[in-house]
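First comes the structure, then the notes that go with it.
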Amino acid sequence: MRGHLPIAVTACLLLAGATGCGGQEGGGAPRASKAAGTNGVAELGPRRIAERAGAVLADAPSLRAVVRTPDVGTADLAADDRGNCAGTMFGGGDGGDGAARLVRRGGTVWVRPNDAYWEFLGEAGDSARAKRELLDGRYIRGPADPEKAVYGQVALLCDLILITGELIAAVLESDTLAKGSPTEVGGVRAVPVTGTSEGGATTLFVALDGEPRPVRLTREGGGGTETYELRDYGRPVPEGVPSRGESLDEAELLGADGPAPAA
């Protein structure tokens with residue numbers, strides 16, 4: 001799963017320089033009529049709900065996601081289906097002082113950590129001081145390719161449509177599949193579908209108004225629960241990128257501390 005890069009892994013990379021299902025599936029059975037004011041997915045079986053949500057996500061040209069990982073960090077990113085993105089990663093959760101601005105456009109990625117984010121990553125001592133002085137508040141600029149650059153690893157986080165699509169696939173591939181009762185997610189009425197396998201549970205929340213779009217995805221694991229809040233479908237990603245004068249090439253930054261560490 002190339003696209004799945006949780007915040008925990010992102011932080012480490014920066015430091016280094018889902019057969020059965022429950023419920024009626026439709027088939028040849030009569031379909032229940034839509035409830036007033038809804039798109040009708042609440043009357044479908046869990047597999048069909050997840051399939052329809054996955055199709056909406058796959059067709060989305062862009063979206064915004066707030067990604068939360070317990071005790072590690074948060075990211076708030078706008079991204080499109082080409083992997084372009086712009087947003088901020090926060091170290092240690094919401095409201096913390098550590099923040100790193102992330103921009104990806106085409107084959108280039110820019111990352112600008114503030115001092116508190118460097119500390120969150122564990123960068124300290126003379127090496128960290130040399131890097132910060134050389135960077136002098138500018139962005140780190142490099143190829144958006146994890147095989148060519150240390151900071152290129154972070155660009156994988158911008159593949160949000162791919163990442164969340166893989167989580168929906170995990171729901172559909174789970175050992176058991178179940179539909180929950182409608183609930184509210186960020187002011188939107190939604191129906192949850194949970195897939196459970198040996199590795200944990202992944203839950204997809206699908207909007208009951210308008211298109212059956214995913215509005216939240218949660219994945220349970222050994223370190224806690226990752227949460228993806230999805231919104232602003234179709235809103236373009238901001239096009240501005242840092243100028244050459246506002247950025248420093250990754251190779252030059254890593255050269256301040258000798259050879260680049262292995263990714």
Side-chain angles (χ1 to χ4, degrees), residues 3-17 64-79 83-105 108-142 144 146 149-160 163-164 186 217-219 221-232 237-238 240-242 246-250 252-254 256-257 260-263:
H4 188 213
L5 188 77
I7 300 298
V9 177
T10 300
C12 292
L13 290 169
L14 278 172
L15 178 57
R64 174 186 167 200
V66 177
V67 188
R68 295 182 175 89
T69 302
D71 303 322
V72 178
T74 300
D76 187 345
L77 297 172
N84 298 316
C85 80
T88 304
M89 298 180 293
F90 300 92
D94 294 319
D97 293 330
R101 182 68 179 170
L102 171 63
V103 178
R104 175 181 170 182
R105 179 66 58 173
T108 305
V109 62
W110 294 262
V111 183
R112 185 176 66 186
N114 64 8
D115 286 349
Y117 199 86
W118 282 112
E119 294 172 2
F120 161 70
L121 294 174
E123 289 272 9
D126 293 339
S127 171
R129 189 176 304 109
K131 289 178 182 178
R132 293 184 202 179
E133 290 178 357
L134 181 60
L135 196 59
D136 192 24
R138 292 175 291 177
Y139 285 82
I140 305 163
R141 181 186 68 251
V150 172
Y151 292 92
Q153 303 274 357
V154 184
L156 294 178
L157 189 59
C158 295
D159 292 327
L160 286 171
I163 294 170
T164 50
L217 280 154
T218 63
R219 188 179 69 162
T225 302
E226 289 181 19
T227 303
Y228 295 75
E229 305 282 353
L230 308 179
R231 60 194 72 164
D232 295 344
V237 176
V241 299
E246 295 173 313
S247 60
L248 179 72
D249 189 84
E250 175 190 293
E252 186 175 350
L253 178 69
L254 296 178
D257 190 33

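Since the model is a prediction, treat every value here as computed from it, not as a measurement.
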Please name all residues satisfying side chain to side chain contact (heavy atoms under 4.5 Å, CB included) with R105, sequence neighbours left out, ordered by chain then number.
-> N84, W110, V237, E239, V241
Residue list, side chain to side chain contact (heavy atoms under 4.5 Å, CB included) with A65, at least two apart or on another chain = L63, V67, L160, L230
So do V66 and R68 actually touch side chain to side chain, heavy atoms under 4.5 Å?
-> yes
Results of side-chain hydrogen bond (donor to acceptor under 3.5 Å, both in side chains) for T218 - residues two or more places apart only | none
Specify the closest pair of heavy atoms between [X] and [Y], including all atoms of both residues, with the distance to one decimal.
| X | Y | value |
| --- | --- | --- |
| R104 | G83 | CD-O, 3.1 Å |
| G240 | V103 | O-CG1, 4.1 Å |
| P238 | A78 | CD-CB, 4.4 Å |
| L77 | G87 | CD2-CA, 3.4 Å |
| P113 | L135 | CD-CD2, 4.4 Å |
| L134 | L253 | CD2-CA, 4.0 Å |

At what distance, to the nearest 0.5 angstrom, does [atom1] of [X] lie from [atom2] of [Y]?
| X | Y | atom1 | atom2 | result |
| --- | --- | --- | --- | --- |
| R231 | D76 | CZ | CG | 7.0 Å |
| I140 | L102 | CD1 | CG | 11.0 Å |
| N114 | T88 | CG | OG1 | 10.0 Å |

Would you say the side-chain atoms of E226 pair up with the backbone N or O of T69, donor to acceptor, closer than 3.5 Å?
-> no
Is there a donor-acceptor pair closer than 3.5 Å between any side-chain N or O of R112 and the backbone N or O of R101?
-> no
Report the residues that fulfil salt bridge (charged side-chain N to carboxylate O under 4.0 Å, His left out) with D232, sequence neighbours left out, ordered by chain and then residue number.
-> R64, R235
Listed by chain and number, what are the salt bridge (charged side-chain N to carboxylate O under 4.0 Å, His left out) partners of R138, not counting sequence neighbours?
-> none
